[in-house]
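This structure is a prediction, so every number in the text was calculated from the model and none was measured. A note on names: the letters A, B, ... follow the listed sequences, proteins ahead of strands, and every chain is numbered from 1.
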Protein chains: 2
Amino acid sequence: MSTSPKLKLYEEFAAIARALGNAHRIDILEHLGQGERGVDALAAKIGLSTANTSQHLQQLKRAGLVESRRDGKYILYRLKGDNVLTLLGALFDLGEHNLAEVDKVMRDYFHKRDDMEAVSHEELLERSRDGLVTVLDVRPKDEFAMEHLPGAKNIPLEELETRLSEIDPAQEVIAYCRGPYCVLSFEAVAALRQRGIKARRLEDGLPEWRAAGLPVEQP
Amino acid sequence: MSTSPKLKLYEEFAAIARALGNAHRIDILEHLGQGERGVDALAAKIGLSTANTSQHLQQLKRAGLVESRRDGKYILYRLKGDNVLTLLGALFDLGEHNLAEVDKVMRDYFHKRDDMEAVSHEELLERSRDGLVTVLDVRPKDEFAMEHLPGAKNIPLEELETRLSEIDPAQEVIAYCRGPYCVLSFEAVAALRQRGIKARRLEDGLPEWRAAGLPVEQP
DNA sequence: ATATCATTCAATAGATTACTTGAGCGTAGC
DNA sequence: GCTACGCTCAAGTAATCTATTGAATGATAT
């Protein structure tokens with residue numbers, strides 16, 4: 001094998017794929033989809049040691065999936081361009097269509113996605129313009145603080161039970177979180193429905209919304 | 001780590017990515033993009049032992065990237081759905097945009113892709129309708145035999161020098177091969193230009209043409 | 001049945017990967 | 001300057017991956 005130019009290229013592409021070949025690193029990418037993060041903050045969110053997280057980040061960096069900048073004593077990582085979300089989307093899509101295991105997990109834990117009747121960008125925009133829905137961001141407070149959908153109300157999933165009174169039961173709730181496989185919004189919808197409140201999920205999460213060129217609110 | 005459902009899903013997605021994490025397997029996928037192949041035939045094309053190729057194919061199968069069927073004593077593998085090409089496309093795209101190494105290989109070996117002025121589907125269709133161009137398939141004879149672009153002439157790259165007389169020097173040649181990184185069409189264009197024949201590459205290869213829903217010719 | 005061919009399986013050695021631990025380095029604030 | 005903090009590096013272990021070899025299926029042909 002004289003390592004033809006084509007194989008050389010494929011070796012580079014394979015290196016990118018290998019960087020995606022670990023569940024924790026995909027998790028990191030999802031979190032970075034919310035916005036820039038420091039290493040420790042990320043490590044805490046995903047439940048890995050700092051050193052381990054740092055090493056994962058460096059693999060992602062070598063593969064061209066993330067980039068970093070220094071801000072004071074923090075080093076902030078972020079996704080490198082919109083292509084990353086596109087690639088992740090293609091990966092998720094293939095998994096959902098081609099792997100029985102993925103389908104099974106979806107059924108078992110997410111009570112079958114289709115039954116959740118996800119709401120599209122377009123529908124949300126339309127209905128929120130008419131003031132018909134409550135847009136609910138169920139991510140943790142700090143993530144909401146950085147960026148959120150326009151007009152959204154933030155009740156982190158953990159606090160949902162104790163803060164139910166803040167939700168107008170006359171309106172439909174549309175919940176969203178980090179991305180299409182983020183559990184938060186699934187569980188929020190389930191909890192709300194159990195209490196008789198009409199609720200649906202937004203099809204995608206914040207990163208996809210932003211990638212679609214739709215407006216977000218910042219402090 | 002109690003392995004949340006989200007991480008379980010991400011583990012599945014990561015498994016798909018790991019299956020893409022080897023240059024030979026990407027090469028296999030490109031060849032399967034041309035059409036169904038038996039194990040031995042594939043092994044010969046990509047230059048690996050039969051056993052090794054078989055094992056790579058099984059990894060791809062476990063990851064939901066290929067599927068197989070028995071035909072007599074052959075077991076024929078093929079890509080599992082169009083999502084595979086989409087995923088590969090996203091991967092290539094990210095590599096081209098985000099990795100300096102990829103860009104370097106492109107410059108060194110492919111004489112900078114942009115200078116090659118690739119021709120789009122649309123332009124090819126238009127110009128071949130008017131009879132202005134020779135569509136040249138430079139893949140090996142057996143791949144051409146299985147399927148090719150309508151009206152294309154087949155001269156495998158190895159035979160190009162000896163069969164130059166078959167090409168009308170008055171017409172522009174548009175060459176294509178297996179896919180966007182297949183070397184064959186790059187080299188064919190370079191060789192033709194050196195001999196004063198106007199030549200360009202088709203932007204993509206046969207699989208992308210087929211995936212775009214455009215017609216192909218079969219025996 | 002036997003022989004043959006295409007493919008897979010099983011066992012192995014060598015390389016790569018994930019995570020931990022503890023040390024090292026740069027920046028901010030005292 | 002020193003200390004605290006955020007991050008990276010280096011070394012080590014256990015687990016996983018690649019490619020080779022040779023043996024084992026399974027289907028066809030004689």
Rounded to whole Å, the NE2-P distance (B:His56 to D:dC17) equals 12 Å
Of A:Asp71 and B:Val39, the one whose closest nucleotide on DNA chain C sits nearer the 5' end is B:Val39
Requested in this report: Classify the nucleic acid contact of B:Gly38 as base, sugar-phosphate or nothing, counting any heavy atom under 4.0 Å across all strands shown.
Outcome: sugar-phosphate
The side-chain hydrogen bond (donor to acceptor under 3.5 Å, both in side chains) partner of A:Gln34 among A:Arg139, A:Glu147, A:His148 is A:Arg139
Polar side chain donor-acceptor pair, A:Tyr77 to A:Gln58, under 3.5 angstrom: no
Ranking B:Asn52 and A:Thr50 by the position along DNA chain D of their nearest nucleotide, the one closer to 5' is A:Thr50
- Message: Assess whether a salt bridge exists between A:Arg163 and A:Glu166, defined as any Lys/Arg side-chain N lying under 4.0 Å from an Asp/Glu carboxylate O.
- Response: yes
Give A:Gln58 one of three labels, base, sugar-phosphate or nothing, depending on what nucleic acid heavy atoms sit under 4.0 Å from its own.
sugar-phosphate
From CZ of B:Arg70 across to P of C:dT7 the rounded distance in Å is 8 Å
Rounded to whole Å, CD of B:Gln55 lies from P of D:dA23 at a distance of 16 Å
Quick one: does B:Lys45's side chain have a donor or acceptor within less than 3.5 Å of a partner on B:His31's backbone?
no
**Prompt:** Any side-chain N or O of A:Ser49 less than 4.0 Å from the OP1 or OP2 oxygen of C:dT20?
**Reply:** yes
Is the shortest side-chain N/O distance from B:Asn22 to OP1 or OP2 of D:dC17 below 4.0 Å? no
To the nearest angstrom, the CD1-P distance between B:Ile75 and D:dA27 comes to 9 Å
When rounded to whole Å, the CG to C1' distance for the pair A:Leu57 and C:dC19 reads 15 Å
Whole-Å distance, B:Ile28 CD1 to D:dA19 P, equals 9 Å
Any B:Arg18 side-chain N or O less than 4.0 Å from OP1/OP2 of C:dT17
no
Whole-Å distance, A:His24 NE2 to C:dA18 C1', equals 9 Å
Whole-Å distance, B:Asp40 CG to C:dC5 P, equals 12 Å
| query | For D:dG26, does OP1 or OP2 lie under 4.0 Å from any side-chain N or O of B:Tyr74? | reply | no
- Could you walk me through whether A:Asp137 and A:Leu149 pass the side chain to side chain contact (heavy atoms under 4.5 Å, CB included) test, one step at a time? CA-CA 8 Å; A:Asp137 185 322; A:Leu149 262 60; over 6 Å; no
The residue, A:Gly72 or A:Gln59, whose nearest nucleotide of DNA chain C is more 5′ is A:Gln59
